Amino acid sequence: MSKKAIVILIAAILSFTAIFTACNKDNYTDPSSGDKYILVTDENGEKVLSPDGELLVYVTDENGKKVKDEEGNFVTEVHGFIGQIENDGVVEDYAYYFTLPSGWKTVNDRGEFENKTKNYALKIAIKEQTFEKYYEFSKGVYDLLVSEQQDKSKEDLEVIWKELEYETADSKVVLLVAEQGEGSQATLFFVNSKNLYEIILTANGDCSSADMESEILTIYDSLEFKPYTYYGETTAE
């Protein structure tokens, strides 16, 4: 199998569905429509979310003024948490907070991240499938790559598989790293609040598998997960 084929094989587990947008502390612009909303915040200025983790916004009139009910209270409504919000180096997604490590920044309206200094690209997603199925597929990829190492023309191929224990995860945190020549990819997957998370780190250029492992674990430590379940029984173990 050629290096290109190996890259394509690993890339089969790539996917990402989040969208991102910027806002200040109290205002939010829906990236799908461009509509602007006033966020409901508490006495500390922090966003108030619904029991399902969605944004709460004030109902406004045609002049953008907040509407009150008959008792003089401001009227609020639930607005789907579409995209990401970034403040002071912390990106808030509908499912997690990500304190950007040094050198990292958001890329575009697809919720991607990059570190140009290290030639890294990052994607974080929740997968609508079970941990067991994802584990089985990924282990199959690992076994195939290990078999490729037997080929003398692939002697520069390095592969890592680790199953780690973290108190912040409800399953093992599984790490798969593949590095060959000037292309590397690390995948981390695990369950939190019945959500199957997938973190994929890719590197262009000379980067060792050990560097990839260190970087993706640093990224994991920079995440704080929200206590909401998004696909119900789909990702339950």
Side-chain angles (χ1 to χ4, degrees), residues 1-18 98 100-108 110-166 168-169 171-192 195-223 235 237:
M1 182 181 294
S2 67
K3 184 189 299 184
K4 180 178 180 181
I6 291 173
V7 171
I8 292 174
L9 174 64
I10 302 172
I13 55 179
L14 283 171
S15 69
F16 188 74
T17 57
F98 181 28
L100 295 170
S102 177
W104 283 96
K105 67 176 184 179
T106 55
V107 176
N108 55 32
R110 297 304 299 168
E112 300 175 353
F113 307 90
E114 69 177 5
N115 185 324
K116 288 187 176 180
T117 301
K118 296 183 178 180
N119 291 319
Y120 285 150
L122 174 68
K123 296 182 180 181
I124 304 173
I126 290 178
K127 305 293 291 182
E128 194 174 358
Q129 59 181 281
T130 64
F131 176 85
E132 290 82 3
K133 288 184 178 179
Y134 194 97
Y135 181 100
E136 181 181 0
F137 174 79
S138 300
K139 190 62 163 59
V141 172
Y142 168 73
D143 291 340
L144 183 57
L145 292 174
V146 169
S147 68
E148 286 296 310
Q149 287 181 311
Q150 309 303 316
D151 187 335
K152 291 184 178 180
S153 66
K154 310 296 190 306
E155 290 180 347
D156 61 337
L157 173 63
E158 293 186 29
V159 187
I160 294 175
W161 176 276
K162 291 186 177 181
E163 299 183 15
L164 309 171
E165 299 284 349
Y166 280 88
T168 49
S171 68
K172 290 183 178 180
V173 177
V174 182
L175 170 68
L176 169 61
V177 183
E179 180 266 324
Q180 185 180 31
E182 296 185 354
S184 304
Q185 180 169 297
T187 302
L188 205 66
F189 63 95
F190 53 91
V191 174
N192 182 287
N195 302 308
L196 175 62
Y197 283 86
E198 172 193 73
I199 303 175
I200 295 179
L201 175 69
T202 56
N204 292 318
D206 188 14
C207 181
S208 71
S209 55
D211 289 338
M212 296 290 287
E213 177 181 352
S214 176
E215 190 73 24
I216 201 168
L217 293 180
T218 296
I219 289 165
Y220 178 87
D221 289 334
S222 301
L223 291 165
T235 56
E237 290 191 55

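Just the heavy atoms: all of them, side chains too, but no hydrogens, waters or symmetry mates, feed the values below. A quick note: this is a predicted structure, and the numbers were derived from the prediction, not measured. When a residue number appears, it is its place in the shown sequence, counting from 1.
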How about Ile216 and Thr187: do any of their side-chain heavy atoms sit closer than 4.5 Å? no
Would Leu164 and Leu217 satisfy side chain to side chain contact (heavy atoms under 4.5 Å, CB included), going step by step from the backbone distance to the final call? CA-CA 10 Å; Leu164 309 171; Leu217 293 180; 3.8 Å; yes
Considering all heavy atoms, the nearest Asn115-Ser102 contact: ND2-O, 3.6 Å
Considering non-hydrogen atoms only, spot the tightest contact between Leu145 and Ala178 and give its length. CD1-CB, 3.8 Å
If we only count heavy atoms from C-beta on, is the Tyr166 to Asp221 side-chain gap below 4.5 Å? yes
Which heavy atom of Val107 sits nearest a heavy atom of Phe113, and at what distance? CG2-C, 3.4 Å
OH-CG distance between Tyr135 and Leu176, expressed to the nearest 0.5 angstrom: 11.0 Å
For the OG1 atom of Thr168 and the OH atom of Tyr220, what is their distance to the nearest 0.5 Å? 2.5 Å
Heavy-atom distance under 4.5 Å between the side chains of Tyr134 and Glu198, does that happen here? yes
State the CD-CH2 distance between Glu215 and Trp104, to the nearest 0.5 angstrom. 6.0 Å
With a sphere of 6.0 Å drawn around NZ of Lys139, does it hold more than 12 non-hydrogen atoms of other residues, nucleotides or ligands? yes
At what distance, to the nearest 0.5 angstrom, does CG of Leu196 lie from CD of Glu132? 9.5 Å
Exactly one of Glu179, Glu158, Gln180, Gln185 clears side chain to side chain donor-acceptor pair (under 3.5 Å) with Ser209, and that residue is Glu158
The residue among Val174, Asp143, Val177 that forms side chain to side chain contact (heavy atoms under 4.5 Å, CB included) with Trp161 is Val174
With a 4.5 Å heavy-atom cut-off, do Ser214 and Asp211 have their side chains touching? no
Using 0.5 Å steps for rounding, measure from the CG atom of Leu223 to the CD1 atom of Ile199. 5.0 Å
Distance (rounded to the nearest 0.5 Å) between Asn192 CG and Ile126 CD1: 8.5 Å
Which pair of non-hydrogen atoms, one from Cys207 and one from Ser184, has the smallest distance, and what is that distance? O-OG, 3.1 Å
With a 4.5 Å limit on heavy-atom distance, are the side chains of Leu122 and Phe98 in contact? yes
Closest heavy-atom pair, Met212 versus Leu201, reported as atoms and distance to 0.1 Å, is CE-O, 3.3 Å
Please report the closest heavy-atom contact between Ser222 and Thr218, naming both atoms and the distance. OG-O, 2.9 Å
